[in-house]
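Everything below concerns the one structure shown next.
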There are 2 protein chains.
Amino acid sequence: MGKILIFGHKNPDTDSILSALLMEKFDKNLGFDVEAVRLGNVNKETQYVLDYLGIEAPRMIDEVLDGQEVVLVDHNEFAQSVNNIENATITCVVDHHRICDFKTSAPLYYRAEPLGCTASIMYKKYMEENIKIERNDAILMLSAIISDTLLFKSPTCTEEDVKIAKELEKIANINMEEYGLNMLKAGTDLSDLTADELITLDSKEVMLKDVKAKIAQVNTASIPDMLKRKSELENSIANTVNNEGLDLFVLAITDIIESNSQVIVLGKRADLVEKSYNVKLVDNTAFLPGVVSRKKQILPILTENA
Amino acid sequence: MGKILIFGHKNPDTDSILSALLMEKFDKNLGFDVEAVRLGNVNKETQYVLDYLGIEAPRMIDEVLDGQEVVLVDHNEFAQSVNNIENATITCVVDHHRICDFKTSAPLYYRAEPLGCTASIMYKKYMEENIKIERNDAILMLSAIISDTLLFKSPTCTEEDVKIAKELEKIANINMEEYGLNMLKAGTDLSDLTADELITLDSKEVMLKDVKAKIAQVNTASIPDMLKRKSELENSIANTVNNEGLDLFVLAITDIIESNSQVIVLGKRADLVEKSYNVKLVDNTAFLPGVVSRKKQILPILTENA
């Protein structure tokens, strides 16, 4: 059969890459022949973690063969997964998102919890199986939690994530706040990316009822700095909307220091954003105070109003 | 908000009723305000267990209100769940089936494992949370395992189910084989059921690709005895096919002693059974040696050939 492949979603974020690595160790411990891989480029935030630990990124793959055994971490929707996922054999999923557009023909392991981050569930799995959490593992877990919760400031962050992070901080033996802020800031250095790269860096295709949408997010330490590239970003978004037949594209530019977002919105259903947040788009953009979480503050609200 | 309701699938089998009761205790232990309920009549096998322990069946419900918080055990497909499930808030699923026709708008707890029975997963959850398994709990778990695995003879039975059952046998302090056979036999006394009741007793509606099908199963200690009612059963099945617009209805009459099944098949896609098992239906029926498990030996094979 060959190795079972483990991967997070397309346009991988830190949790997707690191949880795949954590799952690889977990499954090897249980005697499985597995390999962590990734479905896209490593972003600078994730690279900061890998460099900090002196470890390599998993290799990149584009598609899987029919019947390939796979483990999904940090996602379950097929639109966000590897090409040809429909014909793969999914043996296991570990995730913290809603379940949608997911099906199998056979029973499988599925572990989802409504926590801030997949790596928090990995922590629980390690504990349940009595797998020792080494310093490196702790830093991987902690980095993913800090990334997904924006240093515990996102509304997706739960008490359990905070509790787990505190345990991990002891094992990691680092200053969590200082390390976390450096990691997040490393991720906001996007100056060398093209507009096309910026809008696909952390982008998810979703169905909001019958509205075909993409919701992309970039983290920044300064919204005005990012808005200097607004017309360039609008061009890229307009092309994507046309080429992919989207009804809606939302780019959330999220200020990780102040915890707000500026959105750039295009597509024939841009009205959905106006209706959902009771705002008026001016030149395709609006400021959404306090909004930082796609999962908690964007997807459910848009879905409800679609 | 009111109580969170916990239930198994429609036409509940022993695992669906008992796992709901086990989950009720589990969630109460964690401080949740929950109530186990059921979506249909208690069959004689399940009643044997309830009588043995002197406990009441959960109350029956038909539908849930919009926004009702629910926990699903032993199923996830909406077609098998409570009426109006689409508008309920599913907070948790514990199951051992494939995932299909299931979606949520928010993250949730989802725990699936490819084990023989939901109650085996409940055992693991009790252990993980250090919830004491009392003698009654052990008998509930053991009964569900014996029921779903036909006393460990079904191909759905895993090594882990057997290991768990052996642990439970000690706590239950009963002779597992003797108790189990009595329980299974109690379930085969179907003489007072009408043909309509027989074909709905343990019946699941499924989509086999684009084939709308119902797969029903009755356990028996004697296939010839059951076949005395063949024409009566065929009439009921034909009515169901017409009334519900089904493409296929398969009734598996399963000999729990010898581990074989006789199927009665109607519907315009009856050819699917012939193709899948390389048999010829004679008078709508065929003998399938060694076939006892809908999940492992019927559903995937029919799906593959659909």
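Numbered from 1 within each chain, the chains take letters A, B, ... in sequence-line order. For clarity, every value in this text was computed on a predicted model and none was experimentally measured.
- Taking a 6.0 Å sphere around CZ of Phe78(A), one finds it holds more than 12 heavy atoms contributed by other residues, nucleotides or ligands.
- Put simply, the side chain of Ser105(B) never gets that close to the backbone of Pro300(A): no donor and acceptor are under 3.5 Å apart.
- In this structure, chain B has no heavy atom under 4.5 Å from any part of Lys296(A).
- For the atom pair CG of Asp101(B) and CZ of Phe102(A), the computed distance is 13.5 Å after rounding to the nearest 0.5 Å.
- More than 12 non-hydrogen atoms from other residues, nucleotides or ligands lie less than 6.0 angstrom from NZ of Lys153(B).
- Other residues, nucleotides and ligands place more than 12 heavy atoms under 6.0 Å from the CD atom of Glu86(B).
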Item to check | Verdict with reasoning, Lys103(A) to Arg98(B), per side chain to side chain contact (heavy atoms under 4.5 Å, CB included) | outcome: CA-CA 7 Å; Lys103(A) 64 191 322 189; Arg98(B) 68 167 182 168; over 6 Å; no
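- The parts of Glu113(A) that come within reach of chain B are both its backbone and its side chain, each placing non-hydrogen atoms under 4.5 angstrom from that chain.
- No more than 12 heavy atoms of other residues, nucleotides or ligands sit less than 6.0 Å from atom NZ of Lys163(A).
- Note that CD1 of Ile99(A) is 5.5 Å distant from OH of Tyr110(B), once rounded to the nearest 0.5 Å.
- With chain B as the partner, the residue from Ile121(A), Leu299(A), Leu108(A) showing the most heavy-atom pairs under 4.5 Å is Leu108(A).
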